[in-house]
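The structure under discussion appears below in the form of structure tokens.
By convention here, the first residue in the shown sequence is residue 1. These numbers were taken from a predicted model, which means no experiment stands behind them.
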Amino acid sequence: MTIRVAMLGCGTVGAQVVRLLEEQAADLAARIGDDVELAGVAVRRPHRHPDVPAHLLTTDATALVESDVDVVVEVIGGIEPARALLGAALRGGKSVVTANKALLAEHAEELFAAAESSGADLYFEAAVAGAIPLLRPMRESLAGDRINRVMGIVNGTTNYILSAMDSSGAGYADTLDEASRLGYAEADPTADVDGYDAASKAAILASIAFHTRVTAADVYREGIAAVTQADIAAARALGRTIKLLAICERVESDGTEAVAVRVHPAMIPRTHPLAGVGGAFNAVFVEADAAGSLMFYGQGAGGAPTASAVLGDLVAVARNRVVGGRGPGESSYAALPVRQISQVDTRYHISLDVADRPGVLSAVASVFAEHDVSIAAVRQQGRTEDASLVIVTHSAPDAALRSTVDKIAGLPVVHDVVSVMRVEGEEP
Ligand SMILES: NC(=O)C1=CN([C@@H]2O[C@H](COP(=O)(O)OP(=O)(O)OC[C@H]3O[C@@H](n4cnc5c(N)ncnc54)[C@H](O)[C@@H]3O)[C@@H](O)[C@H]2O)C=CC1
Ligand SMILES: N[C@@H](CC=O)C(=O)O
Ligand code: NA
């Protein structure tokens with residue numbers, strides 16, 4: 001039997017999948033135990049794909065999915081038509097490999113149900129952290145452990161931008177253009193800079209880690225558009241740098257176990273392993289009861305790295321077909337409630353311009369006390385007429401920290417709130 005593969009989309013990732021399929025056909029066949037044949041490539045404009053044999057190109061993705069194929073690889077992106085095409089493929093018993101985190105973060109339930117109905121596979125390693133083997137280790141290798149926390153950098157484009165802003169002071173817009181040119185950014189790069197892409201990935205990670213269905217709408221999200229050079233300078237002054245983090249964690253409130261999932265920029269110590277993760281690289285820490293802390297690191301974006309993950313999944317689903325088995329389906333039995341960020345403990349770094357006169361520090365400190373927020377470190381530096389006051393808090397409910405900042409901003413002695421950013425990593 002030959003495994004016949006339909007490709008949907010042939011852009012940054014798809015072109016590399018087609019190349020690797022062709023270049024490694026003999027090795028792939030040996031590893032799978034059967035030949036793999038590219039049955040067709042659905043594209044929007046065939047003339048733009050001179051590298052793909054013309055007889056394989058089609059603009060009719062639906063017909064290709066309905067044809068005599070075993071596996072459908074989807075690298076179009078977005079919700080429709082990917083959702084309809086993959087639903088039809090899975091219901092028709094075709095295994096699916098997809099890199100589409102936006103789709104999985106919203107419609108995993110129906111896609112897994114379609115896979116279940118026909119006994120097909122749904123694999124999506126490329127959807128989170130590009131080339132890094134992360135989802136399968138979590139779904140399979142750690143299936144006997146209890147994961148408590150997943151934290152890391154899961155968006156290459158924003159990491160590329162923040163790394164450049166930090167190291168060379170490069171401008172935001174130019175760096176974003178460069179990230180798009182290198183094939184890191186989404187078709188609409190606002191999905192990257194506004195944190196939607198990382199939020200989709202966080203939803204997928206949390207769903208797998210906690211055996212609970214978490215969708216993109218459950219994820220608290222802040223992007224990097226508001227991160228300024230002033231924030232970066234404030235971080236540097238404290239030996240910190242700024243990264244866009246995805247954090248998925250078990251939380252307990254009133255004796256009830258729940259999960260909280262958030263994506264936001266955060267200051268981390270320059271000595272933290274995530275601080276050294278530059279460019280489009282991603283890195284994710286997984287903390288589990290028995291395994292302890294595991295770190296996954298590698299290229300999180302780009303055509304060839306992402307194609308590596310797609311090919312790995314293709315081999316896995318093809319092997320399952322050869323032996324007549326299936327990989328794991330959705331595991332959502334724990335069904336834990338999802339907590340809002342307001343109830344989650346975080347820590348803040350707050351940088352203020354204040355009047356340089358006696359009593360200012362105690363006026364500011366009393367607002368913290370009023371909100372039951374404890375201060376971990378204070379640094380005050382006088383200038384001519386005003387002073388710079390930097391405060392780092394201990395952990396407190398995010399809602400209390402926000403109210404504290406709002407009230408401080410209204411104090412007459414506070415001239416300007418220069419920077420407010422959450423802090424992760426070691427206690428200062
Ligand atoms: N570029 C990257 O570094 C990574 C991308 N991904 C995901 O992989 C997927 C593809 O991403 P890219 O290759 O970067 O995007 P891309 O925009 O370069 O490629 C998508 C291709 O699909 C084609 N397309 C759109 N609608 C179509 C339709 N109805 N039928 C056939 N073709 C259609 C487009 O013309 C385009 O060539 C997305 O889901 C993305 O989120 C995942 C990890 C990394
Ligand atoms: N746009 C994404 C691509 C990979 O998922 C990113 O920048 O990480
Ligand atoms: Na991956």
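- Comment: E287 does not engage R146 in a salt bridge, judged by the lack of any side-chain N to carboxylate O separation of less than 4.0 angstrom.
- Looking only at distances, no side-chain donor or acceptor of D194 sits under 3.5 Å from a matching main-chain atom of Y196.
- To the nearest 0.5 Å, atoms CD1 (I224) and CG (N155) are separated by 8.0 Å.
- For P189 against S180, the heavy-atom pair with the smallest separation is CG-OG, 4.3 Å.
- Between E424 and K243, none of the side-chain N atoms (NZ, or NE/NH1/NH2) sits under 4.0 Å from a carboxylate O, so this pair counts as no salt bridge.
- The side-chain heavy atoms of F296 and P133, taken from C-beta on, include no pair separated by under 4.5 Å.
- Of the possible donor and acceptor atoms, none in the side chain of D197 sits under 3.5 Å from a partner among the backbone N and O of A191.
- In terms of modelled atom types and a separation under 3.5 Å, the side chain of T2 and the main chain of R4 share no donor-acceptor contact.
- Taking all atoms of both residues into account, the shortest heavy-atom contact from E74 to G77 is OE2-N, 2.8 Å.
- Using modelled atom types, one side-chain atom of S207 and one backbone atom of V214 make a donor-acceptor pair closer than 3.5 Å.
- A donor-acceptor pair under 3.5 Å links the side-chain atoms of R250 to the main chain of I147, judged by distance alone.
- Ion pairing between a basic and an acidic side chain is recognised when a charged N comes within 4.0 Å of a carboxylate O; R422 and D398 show such pairing.
- Rounded to the nearest 0.5 angstrom, L111 CG and E106 CD are separated by 11.0 Å.
- Looking only at distances, a side-chain donor or acceptor of D218 sits under 3.5 Å from a matching main-chain atom of T215.
- Counting heavy atoms from C-beta outward, I76 and N100 have side chains that stay 4.5 Å or more apart.
- Between D166 and R270 there is a salt bridge, since at least one side-chain N of the basic residue sits less than 4.0 Å from a carboxylate O of the acidic one.
- Across A198 and L244, no two heavy atoms sit closer than the pair CB-CD2, 4.2 Å.
- Of all non-hydrogen atoms in A170 and Q229, the two that sit nearest each other are O-NE2, 3.9 Å.
- For the residue pair A129 and N282, the shortest heavy atom distance occurs at CA-OD1, 3.3 Å.
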Y184 vs N159, side-chain hydrogen bond (donor to acceptor under 3.5 Å, both in side chains): CA-CA, chis, key distance, verdict | CA-CA 10 Å; Y184 304 150; N159 202 53; over 6 Å; no
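- Cation-pi geometry between R149 and F285 is not met at under 6.0 angstrom from the ring centre and within 45 degrees of the axis.
- Side-chain contact, T228 with D231: a donor N or O sits under 3.5 Å from an acceptor N or O.
- By the 6.0 Å contact criterion, CG on D372 is open, its count of non-hydrogen atoms from other residues, nucleotides or ligands being 12 or less.
- With salt bridges taken as basic N to acidic carboxylate O contacts below 4.0 Å, one links R213 and E330.
- V219 places none of its side-chain heavy atoms less than 4.5 Å from the side chain of R262.
- For the pair T212 (side chain) and F210 (backbone), a donor-acceptor distance under 3.5 Å is present.
- Between the side chain of D313 and the backbone N or O of E125, at least one donor-acceptor pair lies under 3.5 Å.
- A salt bridge does not link E249 to R339: none of the charged nitrogens lies less than 4.0 Å from a carboxylate oxygen.
- Within 6.0 Å of CD in Q340 there are 12 or fewer heavy atoms belonging to other residues, nucleotides or ligands.
- Taking the centre and axis of the six-membered ring of Y123, the NZ or CZ atom of R139 falls inside the cone set by 45° and 6.0 Å.
- Taking every heavy atom of both residues into account, D345 and P397 meet most closely at OD1-N, 3.3 Å.
- E22 places none of its side-chain heavy atoms less than 4.5 Å from the side chain of L38.
- Within the 3.5 Å criterion, the main-chain N or O of V373 finds no donor-acceptor partner in the side chain of H371.
- Of the charged side-chain nitrogens involved, none lies within less than 4.0 Å of a carboxylate oxygen, so that D70 and K94 do not count as a salt-bridged pair.
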Run the salt bridge (Lys or Arg N to Asp or Glu O under 4.0 Å) check on D177 and R181 step by step: do they pass?
-> CA-CA 6 Å; D177 286 350; R181 197 184 60 74; over 6 Å; no
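- One finds a salt bridge joining K407 and E370 here, because a Lys/Arg side-chain nitrogen approaches an Asp/Glu carboxylate oxygen to under 4.0 Å.
- S95 places no side-chain N or O within 3.5 Å of a backbone atom of V71 that could act as its donor or acceptor partner.
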